[in-house]
Structures are given as structure tokens and as C-alpha cells.
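Step one of this worksheet: look at the structure below.
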Amino acid sequence: MGIGYKDAVVLYNRHYNDTLETEYYFGTLFENVRIELTQAENINKSGMKDADSFLVKIPNDGTLNYANPPDWENMSEEEKIKHFTLRSNDFDFVVIAKKDELLIDRELPVGLINSDDYPGKFFQYMVNEKGNCYKVNTIGVYSLIPRFEIGGK
């Protein structure tokens, strides 16, 4: 897509099964994306100390299996594994899988993840054991240069 599109992230979409009272995450790996760590710049621009500190640009060539949030919520587990959605909520998050400048190149869990299988639940485990986790705070969808942008902190 352009200069700097060599990073990788995993987006984790949360689903809570009310019947089983179980929290699941569906992890989707995105390669050849561009990660920008932007906290200082965003604080300077906005004057807000809680400005986003992370931005990932995901090229959208039309082959990504995006589903809008209500449709994604109503999908079966098998379909959710094949799709991702974009929501700014208190549960979905992104983790850096590859960023050469930060010396990060690692495999992260993808697919269906049962949060109960991890000490302190999945999100807290990822924060404590992997780091570089960012809660999804802002979302952008662009068509001139087709891409998704996810901001987080």
C-alpha cells in the first residue's frame, strides 16, 4: 500500500455469551499494516492528556472479511472466526505482533479464545504478559485511499 506498511497487529473482538456466562475473544491477524505511536503528537494537537497513543492503518483492498457490529454479534462462532468488526467500546483491543523499531516480532493467539483459560481473564493476561495492548478508542474508514484506521490507548 505504501511506505511503512510492514508491521502486524492482532485485533481482538470480544463476545459475551449470556447463556454460558462466558467471555470469548476472536483474534484476527493483520499483516502489512502501518503502526504509528502517536501519544505525544496527539496530546500536543488536542491538548488532552488522554488522547490516543496508538494508530494502526489497515489497507482495505476489498478482500478483508469486515462485518458491521450488529451483524457480527448475530453471527455463529464459526462465522465470527472468519470475520472481524470495528467497535470503540471498553472490550475490543489491538496488540502489536510485529514492529521492527520496537524489536517486536511474535506470534499471538488468533481465532476463538476463551477468556477463562487465562489467569485474570484474557485481556489482563495480554497486558501483563505481552504488553503493547491498546483498547480500541477511535475508528476511521476511508475510501480515497481505502483503509481502516484504529486508534487506541
Side-chain angles (χ1 to χ4, degrees), residues 4-60 64-70 72-73 75-141 147-153:
Y5 284 80
K6 58 185 177 148
D7 305 322
V9 298
V10 176
L11 169 66
Y12 293 101
N13 292 127
R14 178 189 182 257
H15 173 72
Y16 187 79
N17 184 316
D18 290 324
T19 306
L20 300 175
E21 297 182 351
T22 304
E23 178 182 68
Y24 295 101
Y25 283 90
F26 294 83
T28 305
L29 174 65
F30 295 98
E31 297 178 296
N32 300 314
V33 302
R34 182 176 175 160
I35 296 171
E36 299 174 6
L37 301 174
T38 59
Q39 184 175 21
E41 179 183 346
N42 289 346
I43 289 173
N44 287 337
K45 281 184 181 177
S46 70
M48 298 176 359
K49 293 195 184 296
D50 66 343
D52 285 353
S53 58
F54 169 87
L55 179 68
V56 60
K57 297 178 181 181
I58 303 169
N60 181 10
L64 298 177
N65 288 326
Y66 170 78
N68 70 50
W72 187 86
E73 276 297 334
M75 290 179 174
S76 67
E77 287 181 359
E78 293 77 24
E79 285 300 308
K80 284 180 179 161
I81 289 171
K82 299 174 190 173
H83 294 80
F84 71 97
T85 193
L86 296 174
R87 308 175 290 194
S88 57
N89 59 28
D90 288 333
F91 304 109
D92 293 353
F93 66 100
V94 175
V95 181
I96 297 174
K98 182 176 189 285
K99 177 98 175 128
D100 292 342
E101 296 85 350
L102 298 178
L103 305 176
I104 297 172
D105 190 358
R106 59 193 173 178
E107 288 188 31
L108 297 170
V110 294
L112 176 62
I113 298 150
N114 184 334
S115 192
D116 291 335
D117 292 343
Y118 293 84
K121 301 285 188 178
F122 183 65
F123 174 72
Q124 198 57 50
Y125 168 83
M126 293 299 284
V127 168
N128 294 342
E129 299 298 321
K130 302 295 182 182
N132 301 107
C133 298
Y134 302 89
K135 290 227 178 182
V136 175
N137 191 46
T138 56
I139 298 162
V141 179
R147 68 188 184 282
F148 297 108
E149 289 189 3
I150 301 171
K153 53 182 166 178

Partners meeting side-chain hydrogen bond (donor to acceptor under 3.5 Å, both in side chains) with S76 (sequence neighbours left out):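 Counting only residues at least two positions away or on another chain, S76 forms a side-chain hydrogen bond (donor to acceptor under 3.5 Å, both in side chains) with E78.
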
side-chain hydrogen bond (donor to acceptor under 3.5 Å, both in side chains) partners for D18, two or more places apart: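 So D18 forms no side-chain hydrogen bond (donor to acceptor under 3.5 Å, both in side chains) with any residue.
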
Measure the shortest side-chain to side-chain distance between [X] and [Y] over non-hydrogen atoms and say whether it is less than 4.5 angstrom.
| X | Y | result |
| --- | --- | --- |
| K135 | K153 | no |
| F84 | L64 | yes |
| V95 | R106 | yes |
| I150 | F30 | no |
| P109 | Y12 | yes |
| I58 | V56 | yes |
| Y25 | N13 | no |
| Y66 | T85 | yes |

Which atom of [X] lies closest to which atom of [Y], heavy atoms considered:
| X | Y | answer |
| --- | --- | --- |
| V136 | I139 | CG1-CG1, 4.1 Å |
| Y24 | N114 | CD2-CA, 3.9 Å |
| L108 | I96 | CD1-O, 3.8 Å |
| F26 | E77 | CE2-O, 3.7 Å |
| Y16 | E21 | OH-CA, 3.2 Å |
| K99 | D7 | NZ-OD2, 3.4 Å |

SB check E101 K6 (cutoff 4.0 Å):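 Answer for the salt bridge query: yes.
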
NZ/NE/NH1/NH2 to OD/OE distance under 4.0 Å, K98 and E31: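 E31 and K98: not salt-bridged.
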
Rounded distance [0.5 Å steps], [atom1] in [X] versus [atom2] in [Y]:
| X | Y | atom1 | atom2 | value |
| --- | --- | --- | --- | --- |
| I35 | I104 | CD1 | CD1 | 7.5 Å |
| D92 | N137 | CG | CG | 12.0 Å |
| N17 | T22 | CG | OG1 | 6.0 Å |
| E149 | E36 | CD | CD | 7.5 Å |
| E23 | I113 | CD | CD1 | 11.0 Å |

Which residues pass the salt bridge (charged side-chain N to carboxylate O under 4.0 Å, His left out) test with [X], not counting sequence neighbours?
| X | result |
| --- | --- |
| E107 | none |
| E129 | none |
| K80 | none |

Please report, to 0.1 Å, the donor-acceptor pairs under 3.5 Å made by any side chain of residues 116-127, with sequence neighbours excluded.
| residue | atom | partner | partner atom | Å |
| --- | --- | --- | --- | --- |
| D116 | OD1 | K121 | NZ | 2.4 |
| Q124 | NE2 | N128 | OD1 | 3.1 |

side-chain contact (heavy atoms from CB on, under 4.5 Å) evaluation trace for L86 with L11: CA-CA 9 Å; L86 296 174; L11 169 66; 4.0 Å; yes

